[in-house]
Number of protein chains: 2
Amino acid sequence: MADGYGYDKRAADGKGFMHGIAIDAVIFGFHDRQLKVLLLEYSLAGIFALPGGFIRETENVNDAALRVVRERTGLGNIFLDQFYVFGDYGRFDNRPLKAIMQAGGTAFDENHWLLQRFITVDYYALVDFTKAVPAPDEESDICRWYDLDTIPPLIQDHKQIIAKALSTLQDGLDKKLIGFNLLPDTFTMADLQAVYETILGKKLQRTVFQRKMLGLGILQRIAKKHTGRAHKAPYLYRFVSQPA
Amino acid sequence: MADGYGYDKRAADGKGFMHGIAIDAVIFGFHDRQLKVLLLEYSLAGIFALPGGFIRETENVNDAALRVVRERTGLGNIFLDQFYVFGDYGRFDNRPLKAIMQAGGTAFDENHWLLQRFITVDYYALVDFTKAVPAPDEESDICRWYDLDTIPPLIQDHKQIIAKALSTLQDGLDKKLIGFNLLPDTFTMADLQAVYETILGKKLQRTVFQRKMLGLGILQRIAKKHTGRAHKAPYLYRFVSQPA
DNA sequence: TATTATTGTATCATTTTGATACAATAATAA
DNA sequence: TTATTATTGTATCAAAATGATACAATAATA
């Protein structure tokens, strides 16, 4: 997360980074028919937060976000979308950060650049859960997935940020055809439907969903997948491209 | 605009404002069946730009945007939507600002806070053209409407910002029901259709459009409008609320 | 070989959208 | 006064999209 947390110790003096502005990432994964979010834990201070980071003085803001997601997941080619700037003055609260710095034994004074007001540019990322390797940053010690309905209390307005990320994801699901970014390279129609149902929070009719997805012309049938269970084997699909 | 332009002279020393971050506003109006954008001109320097401004140290970012739009248009209750952060390092170019400062006789040195890198949070606003009273800011001398297809060369990436604002507007037109923000309190169905056609850049079928709009249940019929021409008088409508 | 669960697709009903037709004006012209 | 004209509001029918149901085709197990 940003707002001061998860900063790179090599730059703890603020040299080389933009001040007052940071990025946060809501990194979504999908597993066991559940939508998951990647969170950092600062266990010494008992604090949970979204992954985030700062912007180097000559770095594109979008690249800073890519860097953060790459560092937390080990993944390169991920779907990443800027969705909102959280910039209310009232959200600014440096007490959790002080707690983290104190717990970590970092020296600081009240004028430390990390304790000043920050606004954050927020992104959501869709990653392949099976390929991601969660890794904490320099300050935190745990980085792991949480089901959306079992998220611990988070610092500042990070819970609202997740809520807004989710509703943005919901809005763009049909229009931008982004659901498949949460799945491995090959998947069954039932897998895809589970992604949609979980994100939208409602059941979809199987036959209607299948007709719609096939009608988009972006799915390629690969082979049959024998699940080892007593029924017809479903096809495996791969996403190929945008419709013509 | 921001990126250094249009700053408040009382704070030219940078005290009281956040550094490195600014807001720009793409203010849309509608008149003569044309979509228009409000631009500032710095005629001494021969430079055109979007209206923008800075964020006071204790001000919400969204409030800073509201303030800018209010100052340029004289309007209070306007529709305003944050749509993107432009944060590429490559977009940063302080030469136009230097030109403006020189033309204005403002003293400055290379380390002036306005000459450092800025990223901008960008908003689009939809205002009632008939009520807006364009007003330049402290540095510029002309503030006026431009048709979208006769926009002069703009500083930095302001042309791209307008393009992105327009496509965001297009995407949200049906979903968010925002078209009416461009019209006066009462309007005919033909007026409304003209707004939609201009924004979307294509003709719509009159009867289908009318059925759709009436079906939303958000229009109230006020009275007949006698246009003075040889045909049936259209109804005047008023927007009442979101559909139930 | 029957049974079971699930998949892929066909079919029909319902709803939405597209296209056309036409009566109802409000001004002007004859 | 009475056609003529341009537009508006709505009805109507066709076409397309969506919703709902049915059913045959498996792949495993009993």
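Chain naming here is simple, since letters A, B, ... match the order of the sequence lines and numbering starts at 1 in each. Heavy atoms only: backbone and side chains are in, while hydrogens, waters and symmetry mates are out.
Residue side chain B:R206 reaches the base of D:dG9 through a donor-acceptor N/O pair under 3.5 Å, judged by distance alone. Contact of B:T207 with C:dT20 (side chain to base): a donor-acceptor pair of N or O atoms is detected under 3.5 Å. Judged by distance alone with a 3.5 Å cut-off, no donor-acceptor contact links the side chain of A:T188 to the base of C:dT7.
Using a 4.0 Å cutoff on non-hydrogen atoms, no part of residues 191-199 of chain A comes near DNA chain D.
With A:T120 contributing its side chain and A:D122 its backbone, the two residues share no donor-acceptor pair below 3.5 Å.
With pairs defined as Watson-Crick or G-U wobble and both atom distances under 3.5 Å, the stems of at least three pairs that touch DNA chain D come out as C:1-30 with D:1-30.
Here A:R144 pairs with A:I142, A:Y146 under the side-chain contact (heavy atoms from CB on, under 4.5 Å) rule; sequence neighbours left out. Scored by the salt bridge (Lys or Arg N to Asp or Glu O under 4.0 Å) test, A:E41 finds no partners at all (sequence neighbours excluded).
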Under 3.5 Å donor-acceptor pairs involving side-chain atoms of residues 161-170 of chain A, not counting sequence neighbours:
residue, atom, partner, partner atom, Å
A:S167, OG, A:K164, O, 3.2
A:T168, OG1, A:K164, O, 2.8
A:Q170, NE2, A:I199, O, 2.8

Using side-chain contact (heavy atoms from CB on, under 4.5 Å), reason through B:K202 and B:E197 one step at a time and then give a plain yes or no.
CA-CA 5 Å; B:K202 67 178 181 189; B:E197 289 182 340; over 6 Å; no
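With ring centers used as reference points, B:F239 lies under 6.0 Å from B:F180.
A:D191 and A:T188 form a side-chain donor-acceptor contact under 3.5 Å, judged by distance and modelled atom types alone.
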Polar atoms only, N or O, under 3.5 Å: list the protein pairs with nucleotides 17-19 of chain D and their distances.
residue, atom, partner, partner atom, Å
D:dG19, N7, A:R211, NH2, 2.8
D:dG19, O6, A:R211, NH1, 3.3

